[in-house]
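In this chain, numbering begins with 1 at the start of the sequence shown.
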Amino acid sequence: MADRAIAGWDLGGAHLKAALVAANGEVRDVVQLPCPLWQGLEHLSAAMRTVVDRFGPVGQHAVTMTGELVDLFEDRAEGVARIVAAVHRILDRSDLQIYAGTAGFLAPGEAAGRPRLVASANWLASAAFAARLLPSGLFLDLGSTTTDIVGFAGGAMLARGLTDAERLREGELVYTGLTRTPLMAVAGSAPFAGGRYPLMAENFATMADVHRLADGLPEAADQEPTSDGRGKSDEDSARRLARMIGHDLDDATLDAWRGLARFFVDRQRRRLCEACQRILARDALGGEAPVVGAGVGRRVIRELADSLGRPYRDFASLVRGGESACDRAADCAPAVAVAMLLMSPAPSMDRTADSRSGSSRPARSPRHSAPRKPR
């Protein structure tokens, strides 16, 4: 069974996520590793080799990525080409397929020449997989850095954007995450001790610090170094948070700093709720359509579903395997999704224009999982 298994890979700029899916569709193993790709491709190589040793022989590899965005590369085209080449080299003669969104899976040589389709398509893999199993829903993946929001119905995506630029414009990509987001990107000022403090424009603290203080952050969710390179205790996080408003840790109690942390958590949640409301109003999803939660920030998504008055469906419930494997699968949804999609591919809606141009024309397909605009 091992040699017919599929390894799914999601290669990000800060983390590498990988899933081992058996030939019967059961998730056997899921792993996430720190991978500071902006510091060099050797970090990708090291992380991938760790996973290869852990998984052992597999029949096929399915790869999606967002790492092409890091400033190691001149642009997305260079990033896609160099990552594909590195992966091909690391996996040697393995059966390797690169996920290209609306074009389905491509061989490495073809994928490197179609960066607009390959770049940052991991959200589409996850949402397309969910759309195969549920009649409709609002898919959210809240990761360490960003949140993907996309509606789906009848097996098709309702997304209006495919590229990062389009998705940012449409509110389908929100640059806020559970851990890596700097606090000054969440609010410009904050209430504390009866006053209102403008935030210092310095990366003294991140959302990892406030989530740790406000509601307890799972250790596995925060694999990055802290802003000051110090520890991850509540006191360490409170010390970093205090600096954001010009204070020291000893200027207030730990409970007071927890209260300030809850302010930032609430502001982040409100921003995401507004983004969801915009898309729900636009796509006119029925009240029975659930919020489908993926990513390390699923607890936040569950609370969002309550705020939106909608049922919640965890990505873990969409896959088969042991409880721990399914839970980790939800944290690393794109890696699992690309493996599942490669195992049972659907007809693609390819785009026939040159991959570097800004225009594209969907090819006709009777059934696909690609984005479409609602009427």
Are R302 and D306 within salt-bridge range, i.e. N to O under 4.0 Å?
no

Hey, mind stepping through T64 and N122 against side-chain hydrogen bond (donor to acceptor under 3.5 Å, both in side chains) and telling me if it holds?
CA-CA 6 Å; T64 186; N122 63 347; 5.3 Å; no

Stepwise salt bridge (Lys or Arg N to Asp or Glu O under 4.0 Å) test for D234 and R258
CA-CA 9 Å; D234 285 2; R258 292 191 198 280; 3.0 Å; yes

For E303, side-chain hydrogen bond (donor to acceptor under 3.5 Å, both in side chains) partners two or more places apart
R269

Hey, does D10 have a side-chain heavy atom less than 4.5 Å from the side chain of L16?
no

Taking all atoms of both residues into account, what is the closest heavy-atom pair of R82 and L72, and its distance?
NH1-O, 4.1 Å

Indicate the atoms forming the closest heavy-atom contact of R132 with M340, along with that distance.
NH1-O, 4.4 Å

Are H43 and L37 close enough, and set up right, to give a side-chain contact (heavy atoms from CB on, under 4.5 Å), and what steps lead you there?
CA-CA 6 Å; H43 294 280; L37 185 56; 5.7 Å; no

Answer yes if I83 and L69 sit in the same cluster of Ile, Leu, Val, Met, Phe, Trp and Tyr residues linked by side chain heavy atoms under 4.5 Å apart, and no otherwise.
no

ring-ring contact (aromatic ring centres under 6.0 Å, His included) pairs, two or more places apart, involving residues 124-170
F129-F315

In one Ile/Leu/Val/Met/Phe/Trp/Tyr side-chain cluster, 4.5 Å: L168, L124
no

Any donor-acceptor pair under 3.5 Å linking the side chain of E170 with the backbone of E166?
no

In short, R262 meets A214 closest at the heavy-atom pair CG-CB, 3.7 Å

Is there a side-chain contact between D331 and V30, using heavy atoms and a 4.5 Å cut-off?
no

Nearest heavy-atom neighbours spanning A339 and V21:
CB-CG2, 3.7 Å

Any side-chain heavy-atom pair of R167 and V150 under 4.5 Å:
no

Other residues, nucleotides, ligands: >12 heavy atoms within 6.0 Å of Q39 CD
yes

Residues which pass side-chain hydrogen bond (donor to acceptor under 3.5 Å, both in side chains) with D228, listed by chain and number, not counting sequence neighbours:
T226, R240

Set out, in order, the CA-CA distance, both residues' side-chain angles and the distance that settles side-chain hydrogen bond (donor to acceptor under 3.5 Å, both in side chains) for D327 and S324, then state yes or no.
CA-CA 5 Å; D327 188 64; S324 177; over 6 Å; no

Are the side chains of S227 and E202 in contact, using a 4.5 Å heavy-atom criterion?
no

side-chain hydrogen bond (donor to acceptor under 3.5 Å, both in side chains) partners for H88, two or more places apart
none

Worked check of side-chain contact (heavy atoms from CB on, under 4.5 Å) between Y99 and L341
CA-CA 9 Å; Y99 184 66; L341 294 177; 4.0 Å; yes

Atom CD of residue position E323 - does it have more than 12 heavy atoms of other residues, nucleotides or ligands inside 6.0 Å?
no

Derivation of the side-chain hydrogen bond (donor to acceptor under 3.5 Å, both in side chains) call for Q223 and Q32:
CA-CA 9 Å; Q223 297 183 330; Q32 174 176 310; 3.2 Å; yes

CG-CD distance between L213 and E235, expressed to the nearest 0.5 angstrom
8.5 Å

In the single-linkage hydrophobic clustering (I, L, V, M, F, W, Y; side-chain heavy atoms under 4.5 Å), do I279 and V291 co-cluster?
yes

Quick one: pull up CG in L342 and CD in Q97 and give me the separation to the nearest 0.5 Å.
6.0 Å

Separation between SG (C276) and CG (L308), nearest 0.5 Å, reads 5.5 Å

Out of curiosity, does Y175 fall in the hydrophobic cluster containing V300 (side-chain heavy atoms, cut-off under 4.5 Å, transitive links)?
no

Applying salt bridge (charged side-chain N to carboxylate O under 4.0 Å, His left out) to R328 and not counting sequence neighbours gives D29

Under 3.5 Å: donor-acceptor pair, side chain of R298, backbone of G295
yes

Pairs flagged by ring-ring contact (aromatic ring centres under 6.0 Å, His included) wherever residues 188-246 is involved - sequence neighbours left out
F192-H247, F192-W257, Y197-H247

State whether E274 and R278 are salt-bridged, where the test is any N-O pair (Lys NZ or Arg NE/NH1/NH2 against Asp/Glu carboxylate O) under 4.0 Å.
no

Apply side-chain contact (heavy atoms from CB on, under 4.5 Å) to the pair M48 and V87, showing each step before the final yes or no.
CA-CA 8 Å; M48 287 194 69; V87 170; 3.8 Å; yes

Taking all heavy atoms of P191 and all of L260, pick out the closest pair and write down the distance.
O-CD1, 3.6 Å

R271 side chain near V174 side chain, heavy-atom distance below 4.5 Å
yes

Within a strict 4.5 Å, meaning less than it, do heavy atoms of the P115 and E68 side chains meet?
no

Please determine whether the number of non-hydrogen atoms from other residues, nucleotides or ligands lying under 6.0 Å from atom CZ of R320 exceeds 12.
yes

Kindly work out whether a path of hydrophobic side-chain contacts (I/L/V/M/F/W/Y, heavy atoms less than 4.5 Å apart) joins W38 to V80.
yes

When rounded to the nearest 0.5 angstrom, what is the spacing between CG in L304 and CD in Q268?
9.0 Å

Does the distance from a Lys or Arg side-chain N to an Asp or Glu carboxylate O, for R212 and D236, drop under 4.0 Å?
no

So does D248 pair up with R243, basic N to acidic O under 4.0 Å?
no

Non-hydrogen atoms of P311 and G287 that approach each other most closely
CD-O, 3.9 Å

One should read off an interatomic distance between L173 CG and W123 CH2, to the nearest 0.5 angstrom, of 9.5 Å

Less than 4.5 Å apart, any side-chain heavy atom of L140 and any of D148?
no

Nearest 0.5 Å please: distance from the CD atom of E172 over to the OG1 atom of T147.
13.5 Å

Answer yes if the side chains of S317 and D314 hold a donor-acceptor pair under 3.5 Å, and no otherwise.
no

Applying side-chain contact (heavy atoms from CB on, under 4.5 Å), run through V338 and V63 and close with a yes or a no.
CA-CA 7 Å; V338 288; V63 174; over 6 Å; no

Non-hydrogen side-chain atoms of T206 and R180 separated by less than 4.5 Å:
no

Test: R28 and E26 ion pair at under 4.0 Å
yes

Polar contact flag, side-chain donor to acceptor under 3.5 angstrom, T179-E224
no

